[in-house]
Amino acid sequence: METLFSLLMLTAIYGLTILSVVPDRFIRKLSHSMYHKREPDHKKFSLGGSIFLSFLIGYIFASVMVYFII
């Protein structure tokens, strides 16, 4: 139970940290095809991709920390 709580807490911390540090311009470069389609502007500025990527990277960092430290 402690391991699961630690994993969830560290995932939230790392995910929010990455989301606040990494600018949206950099994440747009990762998905080049998404931002160069002919779509309305309100669909181009969706934050779903950046939130997903930041929490995915945060989960990877948290799982490495939990695996090696705890």
Side-chain angles (χ1 to χ4, degrees):
M1 191 68 182
E2 294 171 354
T3 306
L4 180 64
F5 180 73
S6 299
L7 183 66
L8 290 174
M9 184 66 77
L10 287 173
T11 300
I13 290 170
Y14 288 138
L16 290 174
T17 303
I18 292 169
L19 187 63
S20 67
V21 171
V22 176
D24 191 39
R25 293 184 305 237
F26 177 72
I27 295 174
R28 285 185 196 172
K29 290 179 185 178
L30 293 177
S31 61
H32 178 75
S33 63
M34 182 177 146
Y35 285 97
H36 286 77
K37 290 181 183 177
R38 293 181 182 241
E39 291 185 356
D41 286 336
H42 70 277
K43 289 187 178 181
K44 288 183 181 179
F45 296 109
S46 175
L47 294 176
S50 61
I51 292 171
F52 174 74
L53 284 176
S54 66
F55 277 102
L56 180 67
I57 295 169
Y59 174 75
I60 292 169
F61 285 161
S63 62
V64 168
M65 292 294 286
V66 167
Y67 182 74
F68 287 116
I69 302 297
I70 295 179

| If you round to the nearest 0.5 Å, how far is OG of S54 from OH of Y59? | 15.5 Å

Without placing hydrogens or testing angles, list every side-chain donor-acceptor pair under 3.5 Å for residues 6-22, not counting sequence neighbours.
from : atom 1 : to  : atom 2 : distance (Å)
S6   : OG     : E2  : O      : 2.8
T11  : OG1    : L7  : O      : 2.6
T17  : OG1    : I13 : O      : 2.7
S20  : OG     : L16 : O      : 3.3
S20  : OG     : T17 : O      : 2.9

| field | Hydrophobic cluster membership, I69 vs Y67, 4.5 Å side-chain cutoff | value | no

| request: Give, for atom CZ of F55 and atom CD1 of I60, the distance between the pair rounded to the nearest 0.5 Å. | output: 13.5 Å

